[in-house]
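Keep in mind the model is a prediction, meaning the values are calculated, not measured.
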Amino acid sequence: RGVSAVALGALRIDSSAPETAVSPGQPCYQCGNSILQYFPLGGGYMTDAEAHHGIRLRAVLDTAVDGIILIDSHGAILTFNPACERLFGYSPDEVIGENVKMLMPPIYSEEHDQYISNYQRTQQPKIIGIGREVFAQRKDGTIFPIYLSVGAAQQEQESVFVGIINDLTERRATEER
């Protein structure tokens, strides 16, 4: 699995971790066949409530039908849920830390960093807070239609962006019949 950033810190799934603890970077809760680890942004320890919140968040990400991607203010992918794996054909290890532009056809990828930069400078949302139909690109190069909703939040004085992706391929095929 990859790394999932959350408001309190970062969660990492490590199925090889043998023990349970609550100190930073150490396994803290069994979650299915994996151990949940917590890496707080400010250091220190986490409470049971924080650990349970992280487990619930991981359950949402892992079971969501739609793709969920979290990126940082530079466009680097922080979270890539299992639905994204199915949609795009990449594993989290292939995309975590990479620029989200890798999931876009050139028509969008060439301008994406500028969109983020403009938002950082002006705080004027163009597509943030709304959804729209765009195209995405799979690992094999296939371009497909999606409905993309984008949200923004602040984390440690830095913007993070959440993209929720719904594949429109089947809907478009049905409409064409």
Side-chain angles (χ1 to χ4, degrees), residues 1-13 15 29 31-34 36-38 50-113 115-116 119 125-155 158-177:
R1 303 270 180 197
V3 175
S4 299
V6 295
L8 299 169
L11 301 170
R12 182 177 69 197
I13 299 298
S15 58
Y29 282 93
C31 185
N33 292 329
S34 300
L36 185 65
Q37 290 184 309
Y38 182 73
E50 291 170 330
H52 285 94
H53 174 77
I55 290 169
R56 288 188 296 273
L57 178 61
R58 182 87 245 162
V60 168
L61 290 170
D62 285 349
T63 61
V65 174
D66 290 334
I68 301 173
I69 296 177
L70 181 72
I71 65 169
D72 68 14
S73 62
H74 305 287
I77 299 171
L78 302 171
T79 299
F80 194 75
N81 77 336
C84 284
E85 292 179 59
R86 292 186 296 275
L87 284 172
F88 292 99
Y90 289 101
S91 71
D93 291 339
E94 293 175 287
V95 298
I96 300 295
E98 299 296 328
N99 194 295
V100 71
K101 295 186 302 186
M102 71 186 290
L103 306 175
M104 302 174 192
I107 190 171
Y108 301 119
S109 65
E110 293 169 357
E111 303 293 325
H112 190 264
D113 288 344
Y115 294 145
I116 293 175
Y119 177 75
K126 301 264 181 174
I127 67 159
I128 295 169
I130 63 169
R132 67 181 184 154
E133 293 184 15
V134 294
F135 290 95
Q137 185 169 318
R138 292 187 173 96
K139 183 178 181 177
D140 68 5
T142 305
I143 295 174
F144 65 107
I146 63 170
Y147 188 83
L148 173 65
S149 301
V150 178
Q154 290 292 335
Q155 181 180 13
E158 185 174 319
S159 293
V160 291
F161 303 92
V162 178
I164 300 177
I165 302 157
N166 181 266
D167 186 352
L168 298 177
T169 304
E170 287 185 29
R171 182 182 299 168
R172 290 292 152 74
T174 301
E175 289 171 357
E176 290 176 8
R177 287 186 223 156

Restricting to non-hydrogen atoms, name the atom on [X] and the atom on [Y] that form the minimum distance, rounded to 0.1 Å.
X	Y	result
K139	G89	CD-O, 3.3 Å
H74	E158	CD2-OE2, 4.3 Å
A76	G97	CB-O, 3.9 Å
P92	E85	CD-CD, 3.5 Å
L78	I96	O-CD1, 3.5 Å
Y147	E133	CD1-CG, 3.8 Å

Straight-line distance of [X] [atom1] to [Y] [atom2], nearest 0.5 Å:
X	Y	atom1	atom2	answer
T79	R58	OG1	CZ	7.0 Å
I143	F135	CD1	CZ	8.5 Å
C84	D167	SG	CG	11.0 Å
L61	R56	CG	CZ	13.5 Å
I77	E94	CD1	CD	11.0 Å
L57	D62	CG	CG	9.5 Å

Practice problem: Fit a plane to each ring of F88 and F80, take the angle between them on a 0 to 90° scale, and name the class: parallel (under 30°), tilted (30 to 60°) or perpendicular (over 60°). | Solution: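 Taking F80 first and then F88, their aromatic rings sit tilted (interplane angle of 30° to 60°).
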Quiz item: Do S149 and I130 have side-chain heavy atoms sitting under 4.5 Å apart?
Solution: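 With C-beta onward as the side chain, the pair stays apart.
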Quiz item: What do you reckon, is CD of E170 surrounded by more than 12 foreign heavy atoms closer than 6.0 Å?
Solution: no
Self-check item: R172 atom CZ, over 12 foreign heavy atoms within 6.0 Å
Solution: yes
Quiz item: Does any donor atom in the side chain of Q154 or S159 lie under 3.5 Å from an acceptor atom in the other side chain?
Solution: yes
Quiz item: Does the side chain of D140 come under 3.5 Å of the side chain of T142 through a donor N or O and an acceptor N or O?
Solution: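 There is such a pair (donor and acceptor under 3.5 Å, judged by atom type) between the side chains of D140 and T142.
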Quiz item: Short question: side chain of R138, backbone of L87 - any donor-acceptor pair under 3.5 Å?
Solution: yes
Quiz item: With no hydrogens and no angle check, is any side-chain donor or acceptor of N81 less than 3.5 Å from a backbone partner on I68?
Solution: yes
Quiz prompt | Trace of the side-chain contact (heavy atoms from CB on, under 4.5 Å) decision for I165 with D66 | solution = CA-CA 6 Å; I165 302 157; D66 290 334; 5.9 Å; no
